[in-house]
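Quick notes on the structure that follows.
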Amino acid sequence: MNIRESTIMKALPNKKEKKEKKAAPGLSSDRRLSGILLTPTLLLLALLTLFPIGYAVFISFSSFDTFGNSTGFAGLQNYVKTFTSSIFWNSIFVTLIFTALAVGSQIFLGFNLALIMSKDSKAMKYLRWLLIIPMMLSPLVVAIVFKLMLHTEMGIINYMLQSIGIPQVNFLGEPVLAFVSLVVVDIWQWTPMVFLIILAGMQSLPKDPFEAADIDGASKFQTIRYVMIPMLKPVLVVALVIRTMDALRTFDQVFVLTQGGPGQATETVSFLMYRQAMKFSDFGFASAGLLVVLVITIIISSLLIKMMNSSQVSN
Amino acid sequence: MAAISAKNEDWKLKLLRGSFLTAAILFILFPLYWMVITSFKTEGELFANQQTFFPQDITLQYYLDPIEGIFSPNNPFMQFFINSTIVSFASTLLCLTIGAFSAYSLARFKMKGKRNERLSFLILTARMLPPIVIVVPLYLIMQKIGLLNTLWAMLIVYTGFNLPFVVWMLKAFFEEIPESLEESAMIDGSSRFMAFVKIILPLALPGLVATSIFTIILTWNEFLFAMFLLNNTDVMTLPAGISTFITQFKTNWGALTAAATISILPVLIFSFLVQKHLVKGMTMGAVKG
């Protein structure tokens with residue numbers, strides 16, 4: 001027992017050693033230059049994020065007529081409307097479940113596929129160019145292609161199902177099926193990316209801990225569970241963070257495939273806000289809702305950033 | 001015994017890999033194949049009871065027809081394409097110019113109290129913000145200042161929203177270049193800024209190119225901002241423009257798939273150029289590929 005632990009421990013990269021480059025004492029001219037170099041970025045970001053958010057706060061306290069013209073101060077009316085609105089909470093729920101299902105499947109599939117492929121660098125050479133295609137496409141185009149394939153009468157998927165005796169399915173017309181279709185489209189587009197990220201992580205792991213585990217007689221599963229996954233954690237977290245950020249804002253696919261329907265079954269937050277603002281000119285409701293979304297996003301992001309920071313010690 | 005079981009396992013693993021490869025290729029390529037062939041099918045064949053996996057009579061009407069073809073002067077498609085090209089290249093150029101300086105500052109100047117790390121994360125939070133939160137107020141602001149339905153609005157918005165990505169990517173590329181190079185230039189009397197421009201930027205050229213290509217692709221594909229801020233077909237970018245093909249009461253699948261096919265061509269070409277930097281690009285430099 002003791003021997004085994006020690007061999008693994010020795011082989012693991014010493015975490016603290018790599019980190020912490022000594023902070024050089026900043027020269028005052030360096031500090032000035034650094035300020036000058038950073039200012040345009042920070043200004044532009046403030047202009048495009050803080051300013052609109054501030055404006056949204058202002059709008060959220062205003063009332064609007066049906067043409068979208070401001071008609072004065074509304075107090076907390078918009079917030080009350082948002083908090084008591086079942087479609088708002090439904091959209092939050094839809095977005096969270098969608099994100100959990102889609103990102104969870106992508107990490108699970110990506111990890112297992114990377115395990116299978118990690119030793120086969122020859123096949124990967126040819127596979128790589130193929131795998132990069134889905135993630136580079138516009139989600140809008142991807143959704144269009146899937147809409148065509150999922151079409152009830154002329155879709156190829158229904159055609160194939162019928163040829164093996166399964167009756168026509170209205171994929172985008174049934175609440176659960178429509179939701180699952182959205183998740184599948186997301187999996188199609190983003191699993192290759194998660195796979196490539198995890199694979200790159202696996203291939204850059206040091207070999208010694210695996211050899212040590214092998215000598216100590218660890219089973220394959222034990223090696224993966226206790227040696228590989230802990231070392232791979234920073235990479236897994238990066239994949240998780242990036243995919244979660246993007247899944248939470250899903251809009252394009254909903255716009256093309258379901259328009260939030262049937263009913264409200266696939267109405268993500270982004271789509272609901274679009275509908276309120278652009279179709280009903282209800283900017284007050286939309287702004288109040290967006291600020292709630294902002295708060296939720298800040299909470300999720302800070303959790304993710306905390307995860308990233310704590311797992312990146314070895315980077 | 002052990003040798004036999006190892007061999008056995010090897011065989012299983014090979015089969016697993018082989019079937020995974022085949023499945024992946026089919027799963028990934030089929031939708032694209034279907035999109036392309038649909039754009040070449042005649043309307044009769046498209047709506048026939050018998051679906052065809054290869055078009056019976058190849059037609060170019062959705063591309064070249066003088067009335068409904070996407071390349072005809074009556075069709076707004078070419079305008080969308082031109083708009084997308086202008087916005088993607090202009091905003092990428094602007095974004096890289098601004099972003100490179102900031103990235104260098106964050107990569108090199110180690111200030112006390114981890115100020116740089118905090119700033120980097122502050123910039124990252126801008127990337128985490130869902131665009132929908134910004135786009136509704138931005139729509140009203142753009143309306144007020146008269147930039148709604150102009151490519152200027154898109155230029156500003158895309159430059160700002162790709163900045164976090166560009167800064168993080170370039171920061172990762174700059175950090176790979178040893179600092180001793182600038183130090184020796186500075187000993188020879190060059191200023192820090194000149195050392196950056198004359199020594200670091202040329203060395204980071206592959207990184208700059210890769211980052212530009214990623215930024216162009218991101219902009220090329222962006223839909224939400226374009227749809228909110230552009231309502232006029234003269235200024236629409238490709239995703240916004242193509243989406244107008246669907247919302248008409250009857251979807252013209254031939255034209256839609258033809259437009260989709262042409263719109264992804266530049267992206268495909270570009271993405272092969274950045275293959276090597278793909279993982280880095282996808283993780284904003286957090287994972288080295």
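Within every chain, numbering begins at 1; the chains are lettered A, B, ... in the order of the sequence lines, protein sequences first and strands thereafter.
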Considering only heavy atoms and a distance below 4.5 Å, find which of [options] pairs most often with chain B.
options	result
A:M135, A:M149, A:H151	A:M149
A:M136, A:M193, A:E153	A:M136
A:I156, A:L50, A:L196	A:I156
A:L137, A:L291, A:V293, A:T191	A:L137
A:M245, A:K147, A:Q162	A:M245
A:I144, A:T244, A:L42	A:I144

By a 4.5 Å heavy-atom criterion (distance strictly below it), what part of [X] contacts chain A: side chain, backbone, both, or neither?
X	value
B:L256	side chain
B:F228	both
B:I98	both
B:T257	side chain
B:I28	both
B:L163	side chain
B:L238	neither
B:V135	neither
B:T261	neither
B:L218	neither
B:R127	both

So what's closer than 4.5 Å to chain B heavy atoms on [X]: side chain, backbone, both or neither?
X	answer
A:I197	both
A:A56	both
A:F271	neither
A:L38	both
A:L148	both
A:V241	side chain
A:L140	side chain
A:M154	both

Check your understanding: Any chance OH of B:Y33 has more than 12 other-residue heavy atoms, nucleotides or ligands included, within less than 6.0 Å?
Key -> yes

Distance check, rounded to the nearest 0.5 Å: [X] atom [atom1] versus [Y] atom [atom2]?
X	Y	atom1	atom2	value
B:F53	A:Y159	CZ	OH	6.5 Å
B:I217	A:S138	CD1	OG	12.0 Å
A:F255	B:F223	CZ	CZ	4.0 Å
B:S19	A:I116	OG	CD1	7.5 Å
B:F101	A:S34	CZ	OG	13.5 Å
A:L37	B:R192	CG	CZ	10.0 Å

Review point. Does A:L48 reach the side chain of B:I134, with side-chain heavy atoms less than 4.5 Å apart?
Key: no

**Study point:** Side-chain heavy-atom pair B:S263, A:V141 within 4.5 angstrom cut-off
**Key:** yes

Any idea which heavy atoms bring [X] and [Y] closest together, and the distance?
X	Y	answer
B:P137	A:Y55	O-CD2, 3.8 Å
B:S271	A:I132	O-CD1, 3.6 Å
A:P52	B:I141	CA-CD1, 4.1 Å

Review point. Do the side chain of A:R249 and the main chain of B:L129 share a donor and acceptor less than 3.5 angstrom apart?
Key: yes

Review point. Just by distance, do the side chain of A:W188 and the backbone of B:F27 share a donor-acceptor pair under 3.5 Å?
Key: yes

